[in-house]
Participant: 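Structure incoming, see below.
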Amino acid sequence: MQNWLIKSEPDVFGLADLKRKRVSSWDGVRNYQARNFLRAMAVGDLCIFYHSNAEPSGAAGLCRVVKAAYPDHTAWDPSSPYHDPKDGPQVQRWSMVDVRFERVFARFLPLAELREVPELADMLLFSRSRLSVQPVEEHHFRLIEALGA
DNA sequence: GCCAACGTTGGC
DNA sequence: GCCAACGTTGGC
């Protein structure tokens with residue numbers, strides 16, 4: 001069992017949207033490192049749902065992987081904003097998973113606050129700020145869960 | 001809206 | 001394989 005952090009812009013698709021839908025595919029990831037992490041996800045894994053490009057940005061809550069990686073067909077769709085002309089059913093460059101809403105944190109955790117927690121200082125969230133899918137170490141995950149509870 | 005960081009593309 | 005140009009992410 002692994003823990004993850006996944007980013008989305010709340011203006012596009014926020015945790016409230018996932019709550020409403022209950023289950024959603026996590027599509028549109030177009031970065032190889034992030035894709036590799038998606039492919040490493042297992043059913044049952046918990047993910048911190050992080051709001052990026054928001055005011056403020058930060059950790060909003062949790063969701064759970066309910067379907068392991070499968071081809072992200074939005075890449076094949078010319079009308080999709082995630083269309084990738086180099087991809088197709090034969091190539092399958094990009095993957096997605098399905099996630100299910102788990103819960104909204106009782107307290108939203110802004111990035112500025114997370115930054116000030118010494119125990120979290122070595123999170124990829126800070127050193128690899130542009131990575132939209134990233135693993136989260138168990139002790140980091142537990143601490144964030146406790147802070148948000 | 002600006003800009004720094006950084007990933008990708010493509011010429012050589 | 002290098003590297004400059006370019007595009008994107010995401011904080012502020």
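Letters go in sequence order (proteins before strands), and every chain restarts at 1.
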Participant: Can we say A/Arg30 and A/Asp84 salt-bridge, meaning some charged N sits less than 4.0 Å from an Asp/Glu carboxylate O?
Facilitator: no

Participant: With a 3.5 Å distance limit and no angle check, can you tell me whether A/Arg100 reaches the backbone of A/Val23 through a side-chain donor-acceptor pair?
Facilitator: no

Participant: Does C/dG11 have OP1 or OP2 sitting under 4.0 Å from an N or O in the side chain of A/Tyr50?
Facilitator: yes

Participant: Looking at A/Glu145 and A/Arg103, is any side-chain nitrogen of the basic one under 4.0 Å from a carboxylate oxygen of the acidic one?
Facilitator: yes

Participant: Nearest to the side chain of A/Lys7, which nucleotide is it out of C/dG10, B/dG7, C/dG11?
Facilitator: C/dG10

Participant: Does A/Ser127 or A/Arg93 map to a spot on DNA chain B nearer the 5' end, using the closest nucleotide for each?
Facilitator: A/Ser127

Participant: How many whole angstroms separate atom CZ of A/Phe126 from atom C1' of B/dA4?
Facilitator: 18 Å

Participant: Between atom CD in A/Gln33 and atom P in C/dT9, what is the gap in whole Å?
Facilitator: 15 Å

Participant: Could you state the CG-P distance from A/Asp11 to C/dG10, rounded to the nearest angstrom?
Facilitator: 13 Å

Participant: Would you tell me if any nitrogen or oxygen in the side chain of A/Arg30 comes within less than 4.0 Å of OP1 or OP2 on B/dG7?
Facilitator: no

Participant: Using whole Å, report how far CZ of A/Arg128 lies from P of C/dT8.
Facilitator: 18 Å

Participant: Mind checking whether A/Trp26 and A/Phe49 have parallel, tilted or perpendicular rings, split at 30° and 60°?
Facilitator: perpendicular

Participant: Compare side-chain N and O positions of A/Ser57 against OP1 and OP2 of C/dG10 and report whether any pair is under 4.0 Å apart.
Facilitator: no

Participant: Between A/Gln134 (CD) and C/dG10 (C1'), how many Å, whole number?
Facilitator: 13 Å

Participant: Could you give the CG-to-C1' distance, from A/Asp84 to B/dT8, as a whole number of Å?
Facilitator: 12 Å

Participant: Quickly work out the A/Leu111 CG to C/dG11 P distance and round it to whole Å.
Facilitator: 6 Å

Participant: Whole-Å distance between B/dA5 C1' and A/Leu131 CG?
Facilitator: 13 Å

Participant: Assuming nearest nucleotide by heavy-atom distance, tell me which of A/Asn53 and A/Tyr32 is located more 5' along DNA chain B.
Facilitator: A/Asn53

Participant: Compare the minimum distances between each of B/dT8, B/dG7, C/dG11 and the side chain of A/Arg130, then state the nucleotide with the smallest one.
Facilitator: B/dG7

Participant: Are A/Trp94 and A/Tyr32 an aromatic pair, judged by ring center distance below 6.0 Å?
Facilitator: yes

